[in-house]
Structure formats: structure tokens, C-alpha cells
Protein chains: 2
Amino acid sequence: MTLRNPSTKVTILDVARLAGVSKSTASKALNNQNYVSEATRQRVLDAAQKLNFSPNKVAQSLKQKRSYAIGLITDDLEGLFTTSMLHGVDEAIISHNFNVILCNSFGDAAREKARLEMLLARQIDGVILLGYKVRERGLPALVLGDVPVVYLYQYTVLPGVPSVIPDDFGGAIMGTQHLLELGRRRIAFVNGPPHYEVTHLRREGYRHALETAGKPYDPNLVFTSRKWHQNFGYDAGKQLRELAELPDAVFCASDSLAIGVMDALHESGHRVPDDIAVVGFDNRPYSAHQRRPLTTVALPLKAMGVLAGELLIDAIMNETHESVVHRVPCYLVRRESSGT
Amino acid sequence: MTLRNPSTKVTILDVARLAGVSKSTASKALNNQNYVSEATRQRVLDAAQKLNFSPNKVAQSLKQKRSYAIGLITDDLEGLFTTSMLHGVDEAIISHNFNVILCNSFGDAAREKARLEMLLARQIDGVILLGYKVRERGLPALVLGDVPVVYLYQYTVLPGVPSVIPDDFGGAIMGTQHLLELGRRRIAFVNGPPHYEVTHLRREGYRHALETAGKPYDPNLVFTSRKWHQNFGYDAGKQLRELAELPDAVFCASDSLAIGVMDALHESGHRVPDDIAVVGFDNRPYSAHQRRPLTTVALPLKAMGVLAGELLIDAIMNETHESVVHRVPCYLVRRESSGT
DNA sequence: TTGAAAGCGTTACCAT
DNA sequence: ATGGTAACGCTTTCAA
């Protein structure tokens, strides 16, 4: 297997020659260092311009022991959430002239370790571990030496490792308050499976918003589905519509559940949002494309990506490792299912 | 702004010392070269193992003028299509020990050029231009010198640059045939805006499938919407349901249109798929989450990514630049909207 | 079969 | 203010 011959590139030596100075002087001029006269700096800059010189980053990396690249390892590259976070990370990072090297671990620990080692061999300056699935927390740090790490979408309490996750509690408050502000009085809650941290947080947000508004938390209005899937939302919707008195709103712990609920409601002739307003959680891509586009509490995915990127850059530049769990505020996306 | 001190890494010199050989011998042993005795090779391998040595890829790149990294520039990182293709590219590439460096151009030519130059400075071995939006074709190649390029999701006829796109014509045949095989006889077609190449191809596929089956192409059953948006599908659906005789199937040039059509049909009490079967095109993430999950002709996004990755690796390794437009076959995703 | 030395393109130290 | 030289970690002649 033969490899292609790479192109001949213009080096700093060429620039120096054209400018009539030494290699080291050219380097200083190009890097805006002091101790080089304005005149020569101009000549070097002109020469560089003329030759269309751009420094070889590989050589720079070797010398500076800094690659200006970070690795991003994701659980689930096809996941619908991943891409927005990726976008945020890239945006935050590119403005510092860093690039992101992408790796997919498929949630497999062995593969994750292999990718991590590859990234380390590439001398990356930092790593973002973007975890969609739940992960054995703390594992990866072992291999990382002193390369800073940020957890994204999942969190860890490892010392020196910051995490960026959505503020589920606050988001649930926001969704509930939205319904309250719309004048809805009896607000049901359809939760996901118990024993997840999110379901706990979202239910507590719902409860908190109600109580803050001086309304009682009524367990009869709270439904728990066994799984997140739409079909289980449908089941919850059936229970809901058989209540003696139909609530005038329902807040669901996920969009998938909300869509199932809307299905059940539609089936029995109840109108959304006139008879009952529906609000979901997550802002899944399909939520806008329902017959009744779904109002939902959106996960701040891009903002999370941006924050993770910034935290990482900060850790790289300033050696600041703070083991904080950052909860980024959700935001509300108003659509038809909750009225106007 | 101070930079962190990188960790002390184990180099090949350490390995050589531990094995009691010279640096160059160690290198040869590690790279499975000939002219090194089995005994020393073993000692070197053991030493490397013991020290957990992994070669510094940056130094390797500098020496070999080959980075084992490719750049992927996308128009639209948040796009729902992008992520599957990314996944495919990564999968194809990782098996050759390449990595992908991700860049977002937002469809902006200036930014694209800047990213390209950054990638080139990083000595990447190849580039994939993943274009969701239409692009001024041929532009980027100018700056690329002899670094191989593959276009993905968009195409170019530049010499030496292969392109990978979906086979829209074949996909439309597939969708139409599916309805035919289901025994549907009068199949309407809802097309997107004219003057797009895809709309032409998809309509021709529909026509071809009909004619191959010995059915006439009936212009009265063909509707053209002004835009791709769901609302325009809804309008088409309204026209459709007012035909003297309702067709027993409708094939839509996109999922968004199909969803609009289903809306209109639902409104007038027509049942999908019993009264009329509906098939879409694209396999958008929301299509599975409709009240009546949508049967659709799926774009082979991941396969396209894989192919693009393989073509690029091939071009890098073998200097084979073929300016072919590869049309990857679509596949059918059967859901409820077309019956069972 | 082994090892010394040169070189990849850059930056940084230390002379001048 | 400028330039020679070494060094980053690796691979690759070339000579022994």
C-alpha cells in the first residue's frame, strides 16, 4: 500500500529568505514578539503574505507540546441530542483557534479507552466526554493523566472534573409556571419511569411550582409510566381522560410521553389545547411536527455545548480544574399545544 | 494567559534504553520492519509494553508528512441529516486508524475557506465536504492543492473529485413499487417545488415505476407544492381529497409533505392506510412519531458516509482520483401509513 | 543486524 | 535588534 506524496509547502525558511532575514527573526516577527524592528517585521509580513505562508501546525504542536485540538468522545453519534451539543462545543472552541476531533465510543468502555489513547497520542489538549447513555462514572479519568476533562450531558463528581447538564428541576418549574400563567388550574403530571434522577427532578420541579403558586400537589393528578416510550404516554392519557373531572392541563416529563397523551386525548374527542393544554419536555425534533405542535421545555443543548467548550478551554489555559456540576437553564418553546 | 505544562510522556528513547538498544533499532522493531533480530524485537516490544509506550503521533506526522486525520466540513452541523453521515464517515475511517476533525462552515464561503486553510495547516490528509445547502460547486478545490476531496450529499463534476449522493430516482421507484405491490391501483404523487433536481428525479422515478408496471402516468394525479413545508403538503392533501374519485395511495416527495397530506386526509375523515396509503421520502426523525407512523423511502445517510470515507481513504492511499458521482441506493422503511 | 546522524518545520535560548 | 543553534519525538538513510 503506497502512500501519496504530499505537496511541497512553503516554510518559514522560504519566508525568511525572501525577506532577507534569518529563520529565527522571521519567526519572531510572525509571532508578534518584541525585539524585532518595525522595518524587518514589515518585510517578513510582506514576504509571508506574498508566499501565502501558513505555519505548519504539526511542527508547532511538536515544539510547543500543545496541539490546539480537543477530543470529543460521544456515546451515540447518531443521537438526536448529540449534534446540537457538538455544534455548541465547536462554536466555543473555534473562537480560540482550537479544533475538535470526533470519536464515537458506542457507549462501549473498551472502545472508549482505545479512542482516548488515540487522542492522547495525538497530543490533544483536552477531552469532552459527551455521554448520552449512563456511564460508569470516573472510569476514563484513570487513563487521562493531566489532560483536562469535561463531562457533558452526564456528570461526575470526580475531583477536578466539571460537568455540564441541563437544569431539569428549573425546567420543570418553567413548564408548570407556563401553564399556570395561562390560567390553567388543575395541572396533571405524567412522569417517566421512577428511579431515574431526571424523573425525580422533574416531578419535584412540578411540585415546587405548584406549591410556590399556592396550589396543592395532588397525587391523584400524577401518573407514572413504566417507560419513556410514546405508547406508555398513550396509556397514561387513557387514565387521565377517565378521571371524574378532566384536568385543564397536563405537563409531561418528556415529549414522547406528551405525544402519547395527545393521542389518547384526541381519540376521545378532547381538544388540545382548548379542553386541555399539553406541555412536554426535551424539545425533540419531532415535537414541532405533530398535528398539534407541542409546547415543550427545551434542553439547552447548544448552550451546554458552548459552556463545556469554554470550561475546557479555560482548564487548558489556566489550569483551573473545578469539580462543579453546572446546570444550564432550560428554555420554553411555545407552540400550539398550550394555546397562545 | 499562561499555558499548562503538558505531562511527561514516555518516548521511544526510554523504550530503547530499557531494552538496551539504540533509538533507531527500537523504532524498527516497533514498526515491524525487517533487519532486526527476533530476540531484540522481543526485548523492545517488552520494554514498550512495560512503559506503556505509545508513539507521539504529532512527531510521526511531522516526519511522515501524513497526519492520519481528515477534515470534515459541514454546512449545517445542527442539521438532522448531518449526524448520520458523520457517523458513517467516522466508522469507515476509524478502521484505517484515521480520525476526523470537524468543522462547521454554516454554508458561508469565507468561513469555509478559513476552515479549509486551518485544516490544511494541520496537515490533514483529505477532506470531505458535506453540503446540505446548495453550494457553489468547485470553489473549494482551488485552495486544496493535492489534498484529495470527496463531496458528500452534494455533488460536483470537478475533475478528480468523487461525490456521494442518494439515488433519488431509484428511491422513488422503490416507493412507488411498494404501493403497487400492496395492490394499490391509483397512486397519486405530491411533489415538491419544481426546478429542483430532486423533485425532477423523484417524479421521474414515480413515472418510471408506473410505466414499468404498465400503468399510465396520469398528470391529474400529480400535485406540485410550492415549498417543501408541511403546510403545503396540507394544501395538496386538500386538493387530493376533492378529486372525484379518491386515489387509493399517495406517494409524496418528502416526509414533510406526506405529513401535511395525512393531516388533510385525517381532517376529512379518510383513514390512512385503509382508505388511502401514504408513503413519504427522506425518513426524517419525526416520521416515526406521527399518529400514523409514516412509511418512507429512507435516504441511505450512514451508507453514504461510509462510502465517502472509504473513497477518501482510497484516494489518500492510492492516489486514485476518480470524478464519479456515486448514487447510493435508498431503502424502504415500512410503517403503518402504508398498511402491513 | 545494529547504530549514528540527519531531518521533518517550528520555536526558544543565547550569543552577537 | 538579529541570527546561529539546539530541541521537540520520530523515521530513515547510510555506514559499520
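Quick note on labels: first sequence line is chain A, next is B, and so on, each numbered from 1.
For C/dT1, neither phosphate oxygen OP1 nor OP2 lies less than 4.0 angstrom from any side-chain nitrogen or oxygen of B/Thr40. The shortest distance between the side-chain N/O atoms of A/Thr11 and the OP1/OP2 oxygens of C/dC8 is not below 4.0 Å. Taking side-chain N and O atoms only, B/Ser37 has a distance below 4.0 Å to OP1 or OP2 of C/dT2. A close approach under 4.0 Å does occur between a side-chain nitrogen or oxygen of A/Asn31 and OP1 or OP2 of C/dT11.
Nucleic acid contact for A/Thr25: base, since at least one base atom lies under 4.0 Å from a heavy atom of the residue. Heavy atoms of B/Ser61 sit nowhere under 4.0 angstrom from any nucleic acid atom. At a threshold of 4.0 angstrom between heavy atoms, the contacts of B/Ile12 are confined to the sugar-phosphate backbone, with no base atom among them. At the heavy-atom level, B/Val21 lies under 4.0 Å from the strands shown only through sugar-phosphate atoms. Here B/Ser24 lies in heavy-atom contact (under 4.0 Å) with a base. Within the 4.0 angstrom heavy-atom criterion, base atoms lie near B/Ser27.
No donor-acceptor contact under 3.5 Å links the side chain of B/Lys23 to the base of C/dA4. With hydrogens and angles ignored, a donor-acceptor pair closer than 3.5 Å exists between the side chain of B/Lys28 and the base of C/dG3.
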_Please determine whether side chain to side chain contact (heavy atoms under 4.5 Å, CB included) holds for the pair A/Lys9 and A/Asn56, giving the CA-CA distance in whole Å, both sets of side-chain angles, and the decisive distance to 0.1 Å._
CA-CA 9 Å; A/Lys9 289 266 296 180; A/Asn56 181 327; over 6 Å; no
_Chi angles and distances behind the side chain to side chain contact (heavy atoms under 4.5 Å, CB included) call for B/Ile316, B/Ile70_ = CA-CA 10 Å; B/Ile316 293 168; B/Ile70 68 150; 4.0 Å; yes
*Determine, stepwise, if the pair B/Thr82 / A/Thr83 fulfils side chain to side chain contact (heavy atoms under 4.5 Å, CB included).*
CA-CA 8 Å; B/Thr82 308; A/Thr83 168; 5.5 Å; no
_Could you walk me through whether A/Asn104 and B/Glu91 satisfy the side chain to side chain contact (heavy atoms under 4.5 Å, CB included) test, starting with their C-alpha distance in whole Å, then the side-chain angles of each, then the deciding distance to 0.1 Å, before giving a yes or no?_
CA-CA 8 Å; A/Asn104 194 354; B/Glu91 188 172 300; over 6 Å; no
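In this structure, the OH atom of B/Tyr35 is 17 Å from the P atom of C/dG3, given to the nearest Å. Across the protein-nucleic acid pair, B/Arg43 atom CZ and C/dT2 atom C1' stand 11 Å apart, rounded to whole Å. Summarising the geometry, the separation between CD on B/Glu38 and P on C/dT2 is reported as 10 Å, rounded to the nearest angstrom. When rounded to the nearest whole Å, the span between CG of B/Leu62 and C1' of D/dC8 equals 9 Å. Taking atom CD on B/Gln64 and atom P on D/dC10, their separation rounds to 11 Å, with Å as the unit. Following rounding to the nearest Å, A/Gln60 (CD) and C/dG9 (P) show an atom-to-atom distance of 13 Å. The distance from atom NZ of A/Lys63 to atom P of C/dG7 is 18 Å, rounded to the nearest whole Å. Summarising the geometry, the separation between NZ on B/Lys65 and C1' on C/dG7 is reported as 10 Å, rounded to the nearest angstrom.
The heavy-atom pair separating A/Val44 from A/Ala26 by the smallest distance is CG1-O, 3.8 Å. Pairing each heavy atom of A/Tyr151 with each of A/Val161, the nearest pair is CD1-CG1, 3.3 Å.
When each of D/dC10, D/dT2, C/dG3 is scored by its nearest atom to the side-chain atoms of B/Ser22, the top-ranked nucleotide is C/dG3.
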